[in-house]
Amino acid sequence: MREIPSAYNSKTTEDKWYNLWESKKFFRAEPDAKRKPYTIVIPPPNITGILHMGHALNNTVQDILIRWRRMQGWNAEWLPGTDHAGIATQNVVEKMLAKEGIKRQDLGREKFIERVWKWREQYGSTIISQLKRLGCSCDWDRTRFTMDEGLSNAVVEVFIRLYEKGLIYRGNYIINWCPRCQTALSDEEAQHKDLNSFLYYVKYPVKGENRHVTVATTRPETMLGDVAVAVNPKDARYDNLIGETLILPLMNREIKVIADEIVDPGFGTGAVKVTPAHDPNDFEMGRRHNLEPVVVMNPDGTMGKNAGDYSGMDRFEAREAILEDLKEMKLLEKVEPHAHSVGHCYRCHTVIEPYLSLQWFVKMKPLAKAGIEAANSGKIKFYPDRWTKVYLDWMENIRDWCISRQIWWGHRIPVYYCGKCQKTSEGKKGISVSRVRPQKCPDCGGRDIVQDEDVLDTWFSSWLWPFSTFGWPEKTKDLAYFYPTSTLVTAQEIIFFWVARMIISGYEFMGDAPFKDIYIHGTVRDEAGAKMSKSLGNIIDPIEIIDEFGADALRFSMISITAAGQDVFLSKEKFQLGRNFANKIWNAARFVITNLSEDVDTDLCVLYKTADLTLADRWILSNFYSTLEGLDKALESYRFSEAANLLYDFIWHKYCDWYLEIAKSRIKEKNTQIILYKVLEKSLRLLHPIMPFITEEIWNSLPHKRDSIMVQPWPHLQKDLIDKKTEGDMDLAIGIITAIRNIRAEVNIQPHKFCNAIVTAGSGKSRGAMEKSLDYIKNLAKLESLEVAEKLKRPKASSISVFGDCEICVPLDGLVDIEAEKKKVMSKIGELEKYANSIEVKLRNRNFTAKAPKEVVGKEKEKLDEAKVSLDKLKGNLKRLES
RNA sequence: GGGCGAUUGGCUCAGUUGGUUAGAGCGCCACAUUCACAUUGUGGAGGUCAAAGGUUCGAAUCCUUUAUCGCCCACCA
């Protein structure tokens, strides 16, 4: 017998096995025409990222799928990598430089980018090594980075193709501007939050008259850039004002009152200030009425040179100052509390400015068509399905994508300008969109060529991820084999950012969807339901959990509490679930291994088909294969918690609680040892995708000759071994054992003491089942003798119970509390009568018997018969007790 | 303004197409420690499924309305 520690220690196993898997290249997949690929591309974490619970959930799910499919014989490829995360990374490096007292402008563009690359070398693979601790079986040899040469080529190629199709354009529009990051953002990058703010009513005097118009605004500081006041043309109140000239307070500029349909007469005063440079609606209005925008703010959020006396102030200071001044001039009519939603930068949470500037855009409408059809036709499927609608709503109302960013870290826009032409042609000439820097201007031949200063949105590289990572635009073998991928696993937060855009680009550049299934898992939250975030300090660090509980415990716990697509509420205690389960398996394995005789040939897979199997043997096999069947179904439909719970229930409550306990009394028998071993060995395989480390550790303690569990085949479903009759027979035995244990507890028979029992079976079926389970009942109920009687001979002092159509009687030494017995029996009779009655009512209902399926009616009849048998027995006993 | 999700025992949640005397984990109560496991075992208590109405032979499950909480989207001056 081997020495095996009595508790599973994850610390001594995890690295060992991970290194082995890696060194044996088990994660590697090569194109192989003879095998079907199963491909997942990882949602590339940011290089600034540190593994958090969201990653842990996301990657556990992917690893489960990959390991499961790999064992099933698919050529499983999980392609890993990281995202350069333009703004996030630039922010991090800038912060680091700030500690040295350096600004990026001090370094200059090239030097700064050098520093970012250096930073990336040092810290950029933190998350990769953390994924390894989690057990992820990624094909690390194919690790990609969105700024790799290949992926950068893909980005340029895509830009050029879209530009040439007329789907990329440059223009002056209102975009979301983050004054802190000092860059444009896409609509998706502006996160709207409801703020309790104020609506300020400001009087604008009519020129030369003693009257005024009152406008309502939430952002008084932008009034400095007003170019008009607008009213609805149908608004009778303002009929006589349209066309009048107003004096813009504080600036003393003359502006007109204009009429525009967009103005809602019901809001505020029905008159609205028009600020085309600082509001998207006003911008459109300004265009309609040929009004020149006036920009009053600088890119850093301070007031600009057009802001008069307020120039140089911060935007929020300026707001206060302006309100003060208006108050003094008696032009502030009133202030009302007003809740409205305000955009915030998704990177630094600064309040966003709608800002007029020159940016690059992608025309999305024509690109979205194929992706809409794909979801409608079911070619692409979301799990859970409700996300289809969310996706379609966005796709059908898609807006142009602002892709230029005024930062340095990222893919530089492949556009070159001729200095001379740009000056003379209003910017319309001298533009080259090119893979390489042009030698001279295509229009004038001039050599004063400069590249666009901006870089592209990070997502402009991520949206190509499913094919750029396999070599696109080259026609590589990898691309042909692994694309389209099989499943995308991601979180709801990036459906628009990433999922939808990948589908768009997949159809545009590959002519096919990038994946078939999209599994959207929930958001990981703390116990109170808040998102986990550093600033809230409510983070549970996965690495700490791995250190304390083990990676398998983390994975199992996480999966088992995550119902499909629902948010996960985590607390540290919840990881005990997985840790305890791991320990349970460990000890079951310890028992099986240490009891295995040297001469048992564990390679004999077919033995249990021909040998005489006991009821318990057949029962555990039947349960095993039911579990396997359910497990496959659960995984196929992305119901991971169900998969985990099926395994938990089978291993703990079937295999350990019952089969193993029954096996103890016949542990010397080879058949028992073999079944114990086989079921354990197969269960380990089923468990491996969720708990890779402990299953590998135990696998290696088994007396077998194969090297690793992760390359073993997935057990084959043997449907013929699933046997409902066997399960029913065993249920009876379990019921009788439980009933006897119950009696023992009630009458305080000490656990180590033996007692006797007499059981009467109500039917031949039950008698047959009883015969097969006499030993189990004797052993597990701690009986000295078990008598199976045709008709009950009840000793005077005894306690009874009923299970199904069987009556269980435990004779007692000495006195029995007759009253307590009576009470117990009566309460059971009450319960049963209620139950039987409810069935009788049902069966008396002609509608039921006529309309319900025969099976259902038959089932009800059976239930009633059984209940009646039990009732008769209980009533007989009550009589005896009373006499 | 629109959409989505949640509401089941003390806590956290399952419950797949309507047919179980509604399940689990944790917690709780009682008992148990030579004999795989106290990261354990055995037994037990505890809910009628947010509310109202409807469909149906039959509803936690489908429909309508309402309430509470949460999330997403929207050109809410």
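Note on naming: letters A, B, ... go to the chains in the order of the sequence lines (proteins, then strands), and numbering restarts at 1 for each one.
Per the stacking criterion (ring centres < 5.5 Å, plane angle < 30°), A:Phe848 does not stack onto the base of B:rG58.
In the set B:rU39, B:rC72, B:rA77, the nucleotide with an atom closest to the side chain of A:Phe496 is B:rC72. Closest contact between the side chain of A:His340 and the listed nucleotides B:rA77, B:rA36, B:rC57 involves B:rA77. For A:Lys842, the side-chain atoms get nearest to B:rU20 when compared with the rest of B:rU40, B:rU20, B:rA77. The side chain of A:Tyr835 sits closest to B:rU21 out of B:rU21, B:rC71, B:rU40. Picking from B:rG41, B:rA74, B:rC13 the nucleotide with the shortest atom distance to the side chain of A:Arg399 gives B:rA74. For A:Asn580, whose side chain is taken as the heavy atoms from C-beta onward, the closest listed nucleotide among B:rC71, B:rU40, B:rU20 is B:rU40. Comparing B:rC71, B:rC76, B:rA77 by their nearest atom to the side chain of A:Asp194 picks out B:rC76. Between B:rG44, B:rG19, B:rA77, one nucleotide has an atom nearer to the side chain of A:Pro853 than all others, and that is B:rG19. The nucleotide whose nearest atom lies closest to any side-chain atom of A:Lys389 is, among B:rC4, B:rG25, B:rG44, B:rC4. Closest to the side chain of A:Ala852, out of B:rG41, B:rA36, B:rG19, is B:rG19.
Atom CD of A:Gln750 and atom C1' of B:rA32 are 9 Å apart (whole Å). For the pair A:Leu646 CG and B:rU16 C1', the computed distance is 12 Å after rounding to whole Å. Rounding to whole angstrom units, CD of residue A:Glu862 and C1' of B:rG19 are separated by 15 Å.
Side-chain contact between A:Ile620 and A:Lys654 is present, with heavy atoms from C-beta onward closer than 4.5 Å.
Among the heavy atoms of the strands lying under 4.0 Å from A:Asp264 is at least one base atom, whether or not backbone atoms are also near. Nucleic acid contact class of A:Ile839 (heavy atoms, under 4.0 Å, all strands): none. Residue-level contact check: A:Pro280 touches neither bases nor backbone, having no heavy atom under 4.0 Å from any strand. Counting non-hydrogen atoms under 4.0 angstrom, A:Phe283 reaches nothing in the nucleic acid. Across all strands shown, A:Arg844 has no heavy atoms under 4.0 Å from either base or sugar-phosphate atoms. If you check every strand for non-hydrogen atoms under 4.0 Å, A:Thr738 touches sugar and phosphate atoms only. Counting non-hydrogen atoms under 4.0 angstrom, A:His653 reaches the backbone sugars and phosphates but no base. Residue contacts for A:Arg639: at a heavy-atom cut-off of 4.0 Å it reaches a base atom on one of the strands shown. No contact: A:Ala867 has no heavy atom under 4.0 Å from any strand. Residue contacts shown for A:Leu832 are absent, as no nucleic acid heavy atom lies under 4.0 Å away. Among the atoms of the strands shown, none is found under 4.0 Å from any heavy atom of A:His752. Residue A:Lys863 is classed as a sugar-phosphate contact, given heavy-atom separations below 4.0 Å to backbone atoms only. At the heavy-atom level, A:Arg386 lies under 4.0 Å from the strands shown only through sugar-phosphate atoms. Residue-level contact check: A:Val263 touches the bases, meaning some heavy atom is under 4.0 Å from a base atom.
With both ends at atom P, the span from B:rA60 to B:rA67 equals 24 Å, rounded to whole Å.
Each of A:Tyr8 and A:Ile737 was assigned the nucleotide of RNA chain B with the nearest heavy atom; the assignment lying further toward the 5' end belongs to A:Tyr8. Of the two residues near RNA chain B, A:Tyr648 and A:Ala745, the one whose nearest nucleotide lies more 5' is A:Tyr648.
Under 3.5 Å, the side chain of A:Ser341 and the base of B:rC76 form at least one donor-acceptor pair of N or O atoms. Residue side chain A:Glu661 reaches the base of B:rA36 through a donor-acceptor N/O pair under 3.5 Å, judged by distance alone. The base of B:rU42 is not paired with the side chain of A:Arg741 by any donor and acceptor separated by under 3.5 Å.
Taking 4.0 angstrom as the limit, A:Lys851 places none of its side-chain polar atoms (N or O) nearer than this to OP1 or OP2 of B:rG19. In this model, the phosphate group of B:rA36 is approached by a side-chain N or O of A:Lys664 to a distance below 4.0 Å at OP1 or OP2.
Just one residue in the list A:Tyr391, A:Tyr638, A:Tyr519 forms a ring-ring contact (aromatic ring centres under 6.0 Å, His included) with A:Phe382, and that residue is A:Tyr391.
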